Amino acid sequence: MRITARELAILLDAEIEGNPETTIEKLVKIEEADKQSLCFIANPKYEHFAESTHAGILVLSKELKATNANGTTFLRVDDPYSSFALLLEKFADTNQSNLQGIEEGAFIHEKAVVADDVYIAAFAYVSKGARIAKGVKIYPYTFIGEDVTIGEHSVIHPGVKIYRKTTIGASCIIHAGAVIGSDGFGFAPQADGSFAKVPQTGYVSIGNEVEIGANSVIDRATLGTTNIHNGVKLDNLVQIAHNVEIGEHSVIAAQAGISGSTKLGRNVMVGGQAGFVGHIQIADGVKINAQSGVSKSIHEIGASLSGSPAEPYRQHYKHIAQTRKIGDLIARIEQLEKSLKNNNA
Amino acid sequence: MRITARELAILLDAEIEGNPETTIEKLVKIEEADKQSLCFIANPKYEHFAESTHAGILVLSKELKATNANGTTFLRVDDPYSSFALLLEKFADTNQSNLQGIEEGAFIHEKAVVADDVYIAAFAYVSKGARIAKGVKIYPYTFIGEDVTIGEHSVIHPGVKIYRKTTIGASCIIHAGAVIGSDGFGFAPQADGSFAKVPQTGYVSIGNEVEIGANSVIDRATLGTTNIHNGVKLDNLVQIAHNVEIGEHSVIAAQAGISGSTKLGRNVMVGGQAGFVGHIQIADGVKINAQSGVSKSIHEIGASLSGSPAEPYRQHYKHIAQTRKIGDLIARIEQLEKSLKNNNA
Amino acid sequence: MRITARELAILLDAEIEGNPETTIEKLVKIEEADKQSLCFIANPKYEHFAESTHAGILVLSKELKATNANGTTFLRVDDPYSSFALLLEKFADTNQSNLQGIEEGAFIHEKAVVADDVYIAAFAYVSKGARIAKGVKIYPYTFIGEDVTIGEHSVIHPGVKIYRKTTIGASCIIHAGAVIGSDGFGFAPQADGSFAKVPQTGYVSIGNEVEIGANSVIDRATLGTTNIHNGVKLDNLVQIAHNVEIGEHSVIAAQAGISGSTKLGRNVMVGGQAGFVGHIQIADGVKINAQSGVSKSIHEIGASLSGSPAEPYRQHYKHIAQTRKIGDLIARIEQLEKSLKNNNA
């Protein structure tokens with residue numbers, strides 16, 4: 001990689017501030033940049049680096065006020081995070097492997113249907129009736145249950161377990177150790193204190209361009225389908241219970257959990273370690289802060305909530321601030337009591 | 001499946017409201033019901049569907065007030081959830097596979113003891129000294145460590161890892177990716193700031209009819225045994241630390257965690273994402289709400305707690321409600337201060 | 001095992017209270033001790049057992065006040081937990097297996113470099129360019145990606161998935177189902193509401209003597225390296241996001257999560273289910289309580305925080321106590337309002 005600011009500006013549709021002939025050789029984090037480096041500020045928290053960096057070229061937002069007093073050539077863009085993604089794609093090692101074909105030692109049932117140009121690793125297990133479309137990559141220790149279908153160009157990383165009759169769309173990425181289609185958690189209490197298992201007879205359906213994080217779990221429906229729609233992104237260690245529905249392009253951060261039969265709309269954003277009770281509806285575009293507990297349906301499109309039980313974001317932080325000054329209130333009440341006692345004395 | 005209301009009433013010991021000859025062909029969720037459908041209301045949240053559904057037959061509680069004005073035949077039962085479980089068992093695809101025998105490519109140590117009528121998949125690994133009882137199903141990528149015993153008719157889903165000397169009872173279901181018998185988290189702080197590993201020399205013992213969710217983890221004891229008693233149900237991504245004991249028929253929802261040496265009684269119910277500190281005792285029948293943090297022993301049988309640190313349920317919701325009106329209190333104090341100042345002026 | 005109090009006192013550098021010829025045969029938990037038993041009090045919560053136990057020998061802290069009125073021989077030590085670790089190491093079954101060599105059925109790429117005296121199980125998968133140092137143990141279903149390096153005497157338990165180019169130091173223990181090097185969770189929002197994947201082009205680097213719990217996940221960096229330094233201990237089901245850095249000898253309990261680019265110093269202690277937002281710095285020696293939510297950098301070395309958002313420990317518990325007496329405040333305000341009204345009447 002050797003590229004000038006002028007060339008990068010064309011690629012990124014950027015405005016140049018500084019020397020258009022500045023040439024860089026590598027893409028690095030701003031903390032580690034030298035004269036040969038291209039780097040980025042995609043998060044405003046790092047704005048203070050803009051004027052102190054020794055980077056050759058810095059890509060940043062048109063909205064940041066920093067100036068290139070330090071000799072760094074600035075490339076101003078509308079959306080530095082998307083520019084960052086584009087350059088990583090183009091210049092960095094994207095950790096894509098070129099593995100192809102079916103390795104010796106894969107188990108593929110004779111009644112499975114496998115397209116020609118797939119990668120299936122040693123120790124993969126493809127059950128009876130499974131259908132694997134073209135361009136799919138299946139890494140070792142991936143269990144593909146009976147009658148599972150996997151759409152074109154999806155990548156299934158090592159150790160993913162997909163229970164029977166699950167359908168997975170095209171261009172999905174499922175990270176290592178994820179489990180899809182395990183039984184929902186349903187038990188009917190019996191008179192003697194024990195629990196009878198409620199059979200989990202439904203399925204899981206995953207749309208296209210869904211990404212599922214490592215060791216996340218999606219349970220099959222009791223009856224019907226657990227639905228993860230197109231473009232949904234789940235982080236690691238996420239729990240999706242039976243009969244849940246996640247609308248298109250919703251994003252759920254690590255260790256969050258959605259209880260049974262809850263339905264999230266489109267473009268919902270859920271912070272890490274947040275939880276939802278079962279049987280509620282969440283409107284499109286709702287944002288739920290990390291560690292919140294959502295206990296009721298949210299009908300307002302685009303609402304932002306926080307806390308447990310969750311309440312509107314601003315209100316929550318006002319309540320937190322007020323509560324943490326409760327010592328002052330106690331003092332003021334004491335003062336009032338004293339004054340009143342004096343008055344009445 | 002083709003069955004009349006009259007036949008179903010006998011099966012479920014139900015009272016018929018409407019036409020006993022109504023015939024249905026399938027079992028579906030109430031949201032998707034048509035004239036050929038049998039459906040259920042097991043959760044009172046869905047009661048509003050009872051009078052609007054077009055289902056042929058609806059099974060519901062004797063306690064619900066809805067009437068079958070819409071022409072649907074009602075079957076009234078004492079416990080609709082148990083009836084639901086029964087019909088799923090009878091009429092739906094319970095996703096049980098009929099796999100049998102030992103597949104080529106399974107690794108079974110010559111000193112393992114395996115009963116005749118088991119299913120052991122390709123890529124299963126059964127170590128030296130392991131004992132697998134009759135009717136057990138072991139899916140691919142299941143690691144059965146040295147001297148592990150697995151009781152009759154237990155099902156071990158793909159990718160379960162069972163460390164050495166663990167004992168698992170009869171009729172258990174262990175879901176994909178669960179880990180049983182990993183080392184407890186014990187480290188002795190050293191003078192130089194580092195930590196010395198405390199060897200984890202104990203075991204894990206799992207009773208009968210225990211179900212363990214996908215990617216859950218149960219650590220072995222430091223000394224002695226981590227005990228999961230008969231009938232316990234653990235959801236996905238649950239953490240059970242070393243030397244924990246879980247009493248019979250206790251139920252723990254997803255992403256909850258129990259710290260070391262804590263003992264839960266019988267029929268305890270733990271909500272999702274709840275946590276328990278170590279070395280405490282929880283009485284029989286205690287209910288802990290989702291996301292609660294239990295920091296002390298609970299001695300009252302059947303107590304319901306919520307919050308972090310956990311307090312009695314009603315009290316917690318009273319405190320939440322009061323705290324969220326703290327703005328009013330501030331206003332009232334200001335008013336009092338003003339009045340008093342005026343009085344004293 | 002048959003050993004006298006006198007011999008143990010030499011081994012543990014302990015002071016004897018009672019009969020130095022007392023002989024024990026086994027090491028057990030204090031709840032289960034009889035005359036033939038050696039047991040421990042390492043946690044002051046169990047101090048009440050000291051005077052009621054029937055153990056032959058009890059090891060306890062010099063600081064506990066209990067006396068051996070019951071005939072048990074006491075061995076007083078400075079650090080009973082370290083003594084406990086030492087004796088477990090010496091006398092208990094430490095669950096170490098003696099497996100050696102490369103089992104038939106392991107997949108080792110011809111361009112992988114594997115030292116002589118390793119254990120590599122059946123169903124292990126060692127990719128092209130991987131380097132496995134001497135004394136390493138690799139259990140079944142372990143995926144070692146391309147160009148991964150694993151240092152001397154590290155133990156990789158079953159079903160661990162290590163993505164390409166990860167480096168792991170010497171004497172590490174990685175528990176079953178852990179995932180190292182999965183893609184960070186980075187997506188650039190697009191105008192149509194969808195998300196474009198930001199390629200995750202960096203790596204994970206794990207130091208020496210690191211222990212990683214079962215089913216924990218460590219994501220690779222977007223650019224650069226996710227760094228887990230020497231001596232770090234992670235419990236089960238922990239989430240470490242992209243570009244995180246964890247300083248030497250820091251300890252993170254189960255189900256905690258660290259968001260992207262956050263940096264923890266040395267000897268930080270994190271309680272279970274705690275969470276950290278991204279892009280913050282945590283000073284050396286900081287202690288974070290279980291279930292806390294850390295939303296800002298912490299600059300004070302050794303600070304203790306609790307709550308969500310986290311605040312200083314003492315302050316948090318004061319706020320909790322005050323908030324839970326808010327009913328009293330309401331009553332006092334009502335009383336003041338009444339008094340003032342009477343005064344003004």
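Labels below follow one simple rule: chain letters A, B, ... track the order of the sequence lines, proteins then strands, and each chain is numbered from 1. Everything quoted here is computed from the prediction, not taken from an experiment. Hydrogens, waters and symmetry mates are skipped; everything else that's a heavy atom, side chains included, is used.
Interface remark: A:Ala191 contributes no atoms to any contact with chain B (heavy atom separation under 4.5 Å). Of the two parts of A:Gln291, only the backbone, made up of N, CA, C and O, holds a non-hydrogen atom closer than 4.5 Å to a non-hydrogen atom of chain B. Of the two parts of A:Ala274, only the backbone, made up of N, CA, C and O, holds a non-hydrogen atom closer than 4.5 Å to a non-hydrogen atom of chain B. Contacts between B:Ile333 and chain A at a heavy-atom distance below 4.5 Å involve backbone atoms as well as side-chain atoms. Residue B:Glu103 touches chain A through its side chain alone, counting heavy-atom pairs closer than 4.5 Å. Using a 4.5 Å cut-off between heavy atoms, B:Leu336 contacts chain A through both its backbone and its side chain. Proximity to chain B (any heavy atom under 4.5 Å) is shown, for A:Asn215, by both the backbone and the side chain. Looking at B:Asn230, neither its backbone nor its side chain comes within 4.5 Å of chain A, counting heavy atoms on both sides. When heavy atoms are compared at a cutoff of 4.5 Å, B:Ile252 approaches chain A solely by way of its backbone atoms N, CA, C and O. If you measure heavy-atom distances from A:Val238 to chain B, the contacts under 4.5 Å come from the backbone alone. For B:Gln322, no part sits under 4.5 Å from any heavy atom of chain A, backbone or side chain. For B:Glu89, the parts lying near chain A are the backbone and the side chain together; criterion is any non-hydrogen pair under 4.5 Å. Neither the backbone nor the side chain of A:Ser295 comes within contact range of chain B; no heavy atom of the residue lies under 4.5 Å from a heavy atom of that chain. Neither the backbone nor the side chain of B:Leu86 comes within contact range of chain A; no heavy atoms are under 4.5 Å apart. For a residue to count as touching a neighbouring chain, one of its non-hydrogen atoms must lie under 4.5 Å from one of that chain's; by this rule B:Asn267 touches chain A with the side chain only. Contacts of A:Gln190 with chain B are made by side-chain atoms alone, with heavy-atom separations under 4.5 Å and no backbone atom involved. For A:Gln239, the parts sitting under 4.5 Å from any heavy atom of chain B are the backbone and the side chain alike. Looking at B:Glu337, the atoms closer than 4.5 Å to chain A (heavy atoms on both sides) sit in the backbone and in the side chain alike. Neither the backbone nor the side chain of B:Ala290 has a heavy atom closer than 4.5 Å to any heavy atom of chain A.
Between B:Val286 and B:Val294, the closest side-chain pair of non-hydrogen atoms is not below 4.5 Å. Proximity of B:Leu87 to B:Leu12: side-chain heavy atoms (C-beta onward) are separated by under 4.5 Å at one or more points. Annotation: side chain of A:Asn243 is in contact with side chain of B:Lys29 (closest heavy-atom distance under 4.5 Å). With a 4.5 Å cut-off on side-chain heavy atoms, A:Ile150 and A:Ile162 count as touching. Within the 4.5 Å cutoff, the side chain of B:Lys45 has heavy atoms near those of the A:Ile280 side chain.
Of the listed residues (A:Gln200, A:Gln255, A:Glu311), the one with the most heavy-atom contacts under 4.5 Å to chain B is A:Glu311. Considering only heavy-atom pairs separated by less than 4.5 Å from chain B, the leading option among A:Val277, A:Leu340, A:Thr323, A:Asp328 is A:Thr323. Ranked by heavy-atom pairs under 4.5 Å with chain B, the first of A:Ala241, A:Ala256, A:Ala196 is A:Ala256. Chosen from B:Ile330, B:Ile173, B:Leu329, B:Leu99, the residue pairing most often with chain A at heavy-atom distances under 4.5 Å is B:Ile330. Between chain B and the options A:Phe107, A:Phe195, A:Tyr163, heavy-atom pairs under 4.5 Å are most frequent for A:Tyr163. Residue with the most contacts toward chain B among A:Glu146, A:Lys197, A:Lys165, A:Gln335: A:Lys197 (heavy-atom pairs, distance under 4.5 Å). When each of B:Glu209, B:His249, B:Glu104 is checked for heavy-atom pairs under 4.5 Å with chain A, B:His249 comes out on top. Options B:Ala253, B:Ser308, B:Ala214 differ in how many heavy-atom pairs under 4.5 Å they form with chain A, and the most are formed by B:Ala214. When each of B:Ala122, B:Ser82, B:Pro140, B:Ala121 is checked for heavy-atom pairs under 4.5 Å with chain A, B:Pro140 comes out on top.
In summary, the aromatic rings of B:Tyr119 and B:Tyr139 are positioned with their centroids under 6.0 Å apart. Aromatic rings from A:Phe143 and B:His157 are positioned such that their centres are separated by 6.0 Å or more.
A donor-acceptor pair is defined here as one N or O able to donate and one able to accept, closer than 3.5 Å; such a pair exists between the side chain of B:Ser216 and the backbone of B:Leu237. The backbone N or O of A:Phe276 sits less than 3.5 Å from a side-chain atom of A:Ser259, completing a donor-acceptor pair. Distance alone, capped at 3.5 Å, is enough to place a donor-acceptor pair between the A:His319 side chain and the B:Arg324 backbone. One N or O on the side chain of B:Lys161 and one on the backbone of B:Gly159 form a donor-acceptor pair closer than 3.5 Å.
Here salt bridge (charged side-chain N to carboxylate O under 4.0 Å, His left out) pairs that include residues 214-225 of chain A, with residues two or more places apart or in two chains, number zero.
Using modelled atom types and a 3.5 Å distance limit, the side chains of B:Asp34 and B:Ser37 yield a donor-acceptor pair. Side chains of B:Asn289 and B:Tyr317: a donor on one and an acceptor on the other come within 3.5 Å.
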Next on the checklist: With side chain to side chain contact (heavy atoms under 4.5 Å, CB included) as the criterion, how do B:Cys172 and B:Val210 come out once you've worked through the C-alpha distance, each side chain's angles and the decisive distance to 0.1 Å?
Outcome noted: CA-CA 5 Å; B:Cys172 291; B:Val210 171; 3.8 Å; yes
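The environment of CG in B:Asn343 is crowded: more than 12 heavy-atom neighbours from other residues, nucleotides or ligands sit within 6.0 Å. Atom NZ of A:Lys318 has 12 or fewer heavy atoms from other residues, nucleotides or ligands within 6.0 Å.
Residues from residues 123-131 of chain A that place a non-hydrogen atom less than 4.5 Å from a non-hydrogen atom of chain B comprise A:Phe123, A:Ala124, A:Tyr125, given in numerical order.
Nearest heavy-atom pair, B:Ala106 versus B:Ile102, reported as atom, atom and distance to 0.1 Å: CB-CG2, 4.2 Å.
In summary, B:Lys233 and B:Glu211 do not engage in a salt bridge, as defined by a charged side-chain N under 4.0 Å from a carboxylate O.
Between B:His48 and B:Tyr46, the ring-plane angle classifies as parallel under the 30° and 60° cut-offs.
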